[in-house]
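Note that this is a predicted model, so its numbers are computed, not measured. Chain identifiers are assigned alphabetically (A, B, ...) following the order of the sequence lines, protein sequences preceding nucleic acid strands; residue numbering begins at 1 within each chain.
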2 protein chains.
Amino acid sequence: MRDLPTVVARMWGRELVSRRGPRRGLTLQQITDAAIAIADAEGLAGVRMSSVAAGLGVSTMALYGYVTSKDDLLTAMVDAAAPEPPEQGDLSWRGYLSAWTRANRDFLASRPWLLQVAPLTPPVGPCTLRWLDRSLTALTGTGLTAAEAVNITATLSAYAVSAATLATAMSGTVDEAGGEGLDGYTAMLTRLVDADGYPGLTAALESGAFGVAPEWVEDADFAFGLTLLLDGIEALVARRKEG
Amino acid sequence: MRDLPTVVARMWGRELVSRRGPRRGLTLQQITDAAIAIADAEGLAGVRMSSVAAGLGVSTMALYGYVTSKDDLLTAMVDAAAPEPPEQGDLSWRGYLSAWTRANRDFLASRPWLLQVAPLTPPVGPCTLRWLDRSLTALTGTGLTAAEAVNITATLSAYAVSAATLATAMSGTVDEAGGEGLDGYTAMLTRLVDADGYPGLTAALESGAFGVAPEWVEDADFAFGLTLLLDGIEALVARRKEG
DNA sequence: CTCCTTCTCCGTACCACATACACTGTATTC
DNA sequence: GAATACAGTGTATGTGGTACGGAGAAGGAG
């Protein structure tokens, strides 16, 4: 059986402690915390091995005793930046998944830099795997197969990512797509698109569908799509119950 | 009114032609094509300004006459790499959106590097905007508002991304998450997770829900989630029709 | 108590890559 | 045919990740 990747081992507290030599001056936690603080403040671009090290008062190369590469650091950051998933309490599966997806979206939206890293990194840390687990657990007893539950979880998670991406793009934080967030973007589209080639889009632009305020996106819009998904799932559960 | 970003202008053939001086030796198309060829062959990491230029037989700096930065190049690549969206023909909105989402997923899966770029880049090119338009157009006449249609499109698109990401991760192309694709990943999870802290996940692992073959993922699994979404949308449309 | 092992951290490079700047030559306009 | 704007090149610079070897700290062995 092959060894766990070192960062993964350290994320789970499975590092083998050594007896000889100086004690370690840092923890992976301290490092990820410092890196996260920088990412929150300056965005992902501000996260350099040197800047993280500087934040901790150690040399750049000291970090390589804890992570084998910058990618490792990013992976660890994702897990450390995620909050704990919500408690199930006595919620129905539907109530729980609704809360789960909303909480998922909320923390992604509060840390836009996660959107550039998390979607490409499969969950490997204790916390992100707990998110996966809680969703699967909530679906236990609905009669769905495990594979279906996994699939549903992936879909809900994708929805959370999409909603967070949208919300972030609206406030123009992530990406200066055309100047200043949404307004610049719609202005640009209006200039580019003509009714012949892009009838649906033109109509949408004219009706101001893109001009919605961020706070609308942040709730009613989100709930709308989520309901779509949950209705679909509920229909499936019902089918399974009777079949 | 502010000027269009230069790459965007060039993507739409809106560049102002100059009269004096030597003729241009290249097109943005040629450049993106060369870059795409490299990305297909070596992945996104192989795309360097120097490698793209070398592929065209020009100097690195020549490219900066066509794009203002590497990011610009990536943006242009996304649009050039996308195929045309499917034709509506006489499909119902549901039939069309189903085909649309599937085609969307297919081209993303065939070019894994798109997954690292496209989700973060709002559509600005003629082709990607055509994708957006076709979905909106298909939803015209269902009684949904334009804002709802936009939202639905975003959700379907996110689903395509998620499915493509999953499919790519399975075949282990994108990311060596634990050694060799899915098997390494499940093996790792099995070692990390215990039934106390992760009941649902443990059950899923034991039942082999993660061990599914890629080709299953590539169809039945995808259709499953898509049906979920479309059912939800259909329910909404029905509600609007009667209300 | 002393030496030796083993480990942590550091300083110093090195290399890859994006991009600024000044230059050369060419095609157009007067 | 001169003036001019402009395409493409060469060189240089800066930034950032990471390899390598050394120095000193902690523990174990004699």
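- Annotation for Q30(A): atom CD counts as buried by contact number, over 12 foreign heavy atoms lying within 6.0 Å.
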| task | Please report the C-alpha distance between Y159(B) and R105(B) in whole Å, then the side-chain angles of each, then the deciding distance to 0.1 Å, and finally whether the side chain to side chain contact (heavy atoms under 4.5 Å, CB included) criterion is met. | result | CA-CA 8 Å; Y159(B) 181 66; R105(B) 184 206 63 138; over 6 Å; no
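- More than 12 non-hydrogen atoms from other residues, nucleotides or ligands lie less than 6.0 angstrom from CD of E84(B).
- Ring centroids of Y198(A) and W131(B) are separated by 6.0 Å or more, keeping the two rings apart.
- Rounded to whole Å, the distance from CZ on R24(B) to P on dG8(D) is 6 Å.
- Whole-Å rounding puts the L28(B) CG to dA7(D) C1' distance at 16 Å.
- Taking 4.0 angstrom as the limit, R23(B) places none of its side-chain polar atoms (N or O) nearer than this to OP1 or OP2 of dG8(D).
- If you check dG16(D), dA7(D), dG27(D) against the side chain of R48(A), the one that comes closest is dG16(D).
- The stretch residues 49-70 of chain A comes close to DNA chain D through M49(A), T60(A), M61(A), Y64(A), S69(A), K70(A), each having a heavy atom under 4.0 Å from the strand.
- When the side-chain nitrogen and oxygen atoms of R20(A) are compared with OP1 and OP2 of dA26(D), none of them lie within a distance under 4.0 Å.
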| S59(B)/Y64(B) under side chain to side chain contact (heavy atoms under 4.5 Å, CB included): CA gap, chis, key distance, verdict | CA-CA 10 Å; S59(B) 82; Y64(B) 285 91; over 6 Å; no
| task | Start with the C-alpha distance between Y185(A) and V124(B), add both sets of side-chain angles, then the distance that settles side chain to side chain contact (heavy atoms under 4.5 Å, CB included), and finish with yes or no. | result | CA-CA 9 Å; Y185(A) 184 60; V124(B) 290; 4.1 Å; yes
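- Ion pairing between a basic and an acidic side chain is recognised when a charged N comes within 4.0 Å of a carboxylate O; D219(A) and R102(A) show such pairing.
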Kindly give the atom pairs (protein nitrogen or oxygen, nucleotide nitrogen or oxygen) under 3.5 Å for nucleotides 22-25 of chain C.
none

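- Distance L26(B) CG to dA7(D) C1': 10 Å, rounded to the nearest Å.
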| said: Could you walk me through whether V52(A) and R48(A) satisfy the side chain to side chain contact (heavy atoms under 4.5 Å, CB included) test, starting with their C-alpha distance in whole Å, then the side-chain angles of each, then the deciding distance to 0.1 Å, before giving a yes or no? | reply: CA-CA 6 Å; V52(A) 174; R48(A) 287 162 295 230; over 6 Å; no
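- Put simply, CG on L73(A) is 15 Å from P on dG16(D), counting in whole angstrom units.
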